[in-house]
Amino acid sequence: MRHEVTVEPYLGTSVYEPHYGLPVTARALDETVRHVRDRTGAEVVSTAQIIAAPGLDCPPGSRLTLPDGRRTTATSSNFPTHTFE
């Protein structure tokens with residue numbers, strides 16, 4: 001896996017804002033654009049899919065920083081693959 005992404009696991013939302021865990025660096029990335037369903041079942045366009053080693057804590061709603069500096073949000077999690085819009 002030749003790319004590194006930074007994952008800030010989604011912990012939940014307070015009254016004012018979402019909360020994230022400590023950032024973790026993971027190796028893996030596939031930037032194929034495709035249609036996926038988010039956690040509510042709505043169809044969204046995914047611009048990156050993360051294929052990482054088992055054990056990566058990246059639930060839907062997690063914040064990611066891709067290798068090019070772009071920030072995105074996890075829309076679904078299909079262990080061990082995670083997709084992002």
Side-chain angles (χ1 to χ4, degrees):
M1 296 183 227
R2 57 181 209 205
H3 297 287
E4 288 188 349
V5 296
T6 302
V7 177
E8 297 170 72
Y10 177 71
L11 300 177
T13 302
S14 71
V15 176
Y16 301 105
E17 61 189 24
H19 289 276
Y20 301 96
L22 296 174
V24 179
T25 300
R27 295 188 57 76
L29 180 65
D30 174 11
E31 294 191 74
T32 305
V33 175
R34 65 182 184 158
H35 286 101
V36 297
R37 297 210 179 264
D38 67 11
R39 62 183 163 190
T40 67
E43 190 172 284
V44 296
V45 175
S46 171
T47 58
Q49 293 79 46
I50 301 300
I51 303 168
L56 177 64
D57 184 18
C58 185
S62 295
R63 189 163 48 192
L64 291 105
T65 304
L66 302 177
D68 63 2
R70 190 168 39 120
R71 299 204 65 188
T72 189
T73 303
T75 58
S76 65
S77 176
N78 302 314
F79 185 79
T81 301
H82 309 283
T83 59
F84 311 93
E85 68 179 84

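In this text the structure is predicted, and so the values were computed from the model without any measurement.
Using a 4.5 Å heavy-atom cutoff, the side chains of C58 and P9 are not in contact. Within the 4.5 Å cutoff, side-chain heavy atoms of S14 are placed close to those of H19.
Annotation: the span from H3 atom NE2 to D68 atom CG amounts to 9.5 Å, rounded to 0.5 Å. Distance check, rounded to the nearest 0.5 Å: CZ of R27 to CD of E4 gives 5.0 Å.
Judged as a side-chain hydrogen bond (donor to acceptor under 3.5 Å, both in side chains), and not counting sequence neighbours, T25 has no contacts. Residues that satisfy the side-chain hydrogen bond (donor to acceptor under 3.5 Å, both in side chains) test with T65, not counting sequence neighbours, are R71.
When hydrophobic side chains of Ile, Leu, Val, Met, Phe, Trp and Tyr are connected at separations under 4.5 Å, Y20 ends up clustered with Y10. L22 shares a hydrophobic cluster with no other residue; no ILVMFWY side chain has heavy atoms under 4.5 Å from its own.
Of all heavy-atom pairs spanning T73 and L64, the tightest one is C-CD1, 4.2 Å. Scanning all heavy atoms of the two residues, the minimum distance from T75 to P60 falls at O-CB, 3.9 Å.
Pairs of residues two or more places apart, or lying in two chains, never qualify as salt bridge (charged side-chain N to carboxylate O under 4.0 Å, His left out) while including a residue from residues 9-19.
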